[in-house]
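What follows is a short report on a single structure.
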Amino acid sequence: CDGAAGGAGSAGGAAVGKILAVVREPIWVLAVSCRPSPSRVTHRPGGPASRVKRLRRAGFSRKATALPGPACPPPPFPVTAPAVLSRAGGTGQVLGYGCFTFSIGAAAVWGPSFLQRAYRMQLSDADLIFGGLSVVTGLLGTVAGGTVLDAATRALRGDVMSASLLSATLLCLLCWPLTLAAFWVTDYSWFLLLISAGQCLAFATFTPVNGVLLWAVPPETRSISIALAVVGMHLIGDVPSPIVVGALFETSLSPNAVMVLVMTWIGWAVLFWGAAFCVARRRRFLARQYAVALARHEYWSSGTDSPLLHT
């Protein structure tokens with residue numbers, strides 16, 4: 001019995017020693033031992049090796065997929081600025097942004113004065129009402145603009161730039177008649193209803209407009225795109241508009257007529273953004289046609305299947 005117990009004890013100690021030895025092994029040894037054999041990876045039909053061979057036969061090489069080296073310095077501003085403005089209707093985007101800001105900036109500056117003149121309100125009350133409407137409609141409009149942009153992107157199958165221009169054009173087109181009607185009516189209740197809806201759509205427009213300024217250009221020129229848009233927006237937008245509206249208020253025109261004239265400027269934004277959308281869609285169509293033609297050329301010249309035919 002003692003011998004049997006001793007043998008069992010020695011066998012148990014050996015098993016425990018083996019377990020401890022395995023536990024003390026480095027993690028990388030266990031990982032290497034758990035990997036599948038190379039034969040199961042490299043010789044599996046449709047595996048990575050097969051895909052690499054197919055891509056190499058189609059003309060792809062390891063150099064083409066290598067990581068890029070150090071980034072090149074950006075080109076100078078005189079070279080970058082014309083390229084940004086000519087890319088997918090960049091000039092139309094900036095001009096539309098400036099015209100839109102012309103009307104919105106004038107309404108933001110002279111809106112309380114309009115309420116004071118047209119509805120005989122105290123200026124402090126008019127400031128409070130107009131500011132409160134701007135805060136509420138700004139929050140709602142920003143969320144609505146993002147929702148509309150997501151829906152347009154899905155409808156255009158991931159073409160974010162065209163979806164942004166289309167969303168901005170449609171939202172601005174809906175905002176335009178509402179703001180015109182808000183400053184045309186003489187009833188205060190109708191004014192509040194129409195200006196609230198118009199401001200909500202106006203704030204919703206800023207979401208796709210700011211997005212297209214980034215998606216229309218390569219990443220290395222996005223700062224130039226934003227800079228040009230901001231300069232153009234202020235130059236033809238909210239810098240001269242308060243001066244023009246102040247001069248119009250000094251004439252014999254009524255406050256309603258002055259603000260209606262200012263809101264008509266939004267129509268130029270609809271025109272410019274619509275033209276930029278048409279340019280963006282045409283360029284995307286031509287790029288797709290070029291990709292298909294290139295894939296067919298590679299197919300007939302090499303006699304092998306090209307991955308571009310399946311994209």
Side-chain angles (χ1 to χ4, degrees), residues 54-55 57-61 63-65 68 71-72 74-100 145-146 148-173 205-229 232-233 267-311:
R54 289 201 303 270
L55 289 176
R57 286 198 302 267
F60 290 87
S61 63
K63 292 182 179 180
T65 57
C72 298
F77 179 78
V79 177
T80 307
V84 170
L85 292 177
S86 63
R87 188 177 181 87
T91 305
Q93 301 169 25
V94 176
L95 292 177
Y97 206 179
C99 295
F100 183 75
V148 172
L149 179 57
D150 291 340
T153 303
R154 290 192 296 269
L156 295 179
R157 299 180 179 180
D159 188 0
V160 186
M161 188 177 65
S162 299
S164 301
L165 288 170
L166 179 62
S167 302
T169 304
L170 295 179
L171 290 172
C172 190
L173 185 61
T205 306
F206 285 107
T207 302
V209 168
N210 291 324
V212 77
L213 296 174
L214 300 175
W215 290 314
V217 296
E220 60 269 14
T221 57
R222 285 176 178 175
S223 57
I224 301 296
S225 176
I226 293 295
L228 290 175
M233 173 189 66
W268 290 106
V270 177
L271 178 63
F272 286 126
W273 285 339
F277 167 73
C278 294
V279 172
R281 289 299 292 176
R282 176 170 175 78
R283 290 195 176 185
R284 183 174 178 84
F285 172 77
L286 294 177
R288 190 173 298 173
Q289 293 295 318
Y290 175 77
V292 173
L294 181 62
R296 289 176 178 174
H297 173 72
E298 291 182 353
Y299 173 76
W300 290 112
S301 61
S302 62
T304 56
D305 190 13
S306 176
L308 293 175
L309 291 174
H310 307 289
T311 57

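These figures come from a predicted structure and were not determined experimentally.
Residues Ala168 and Pro208 approach most closely at N-CG, 3.9 Å, considering heavy atoms. What you find for Thr169 and Leu165 is that their closest heavy atoms are OG1-O, 2.7 Å. Of all heavy-atom pairs spanning Cys172 and Phe100, the tightest one is SG-CD1, 3.8 Å.
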Can I get a per-line list of side-chain donor-acceptor pairs under 3.5 Å for residues 150-157, giving both atom names and the distance, sequence neighbours left out?
{"residue": "Thr153", "atom": "OG1", "partner": "Leu149", "partner atom": "O", "Å": "2.7"}

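Distance check, rounded to the nearest 0.5 Å: CG of Leu173 to CG of Leu271 gives 11.5 Å. Atoms OH and CG, on Tyr97 and Asn210 in that order, are 4.0 Å from each other to the nearest 0.5 Å. Going from atom CH2 of Trp273 over to atom CD of Gln93 covers 10.0 Å, rounded to the nearest 0.5 Å. The CZ atom of Phe277 sits 8.0 Å away from atom CG of Asp159, with the distance rounded to the nearest 0.5 Å.
The list of salt bridge (Lys or Arg N to Asp or Glu O under 4.0 Å) pairs with a residue in residues 206-215, not counting sequence neighbours, is empty.
For Ile226, the side chain to side chain contact (heavy atoms under 4.5 Å, CB included) test picks out Leu213, Leu214, Val230, with sequence neighbours left out.
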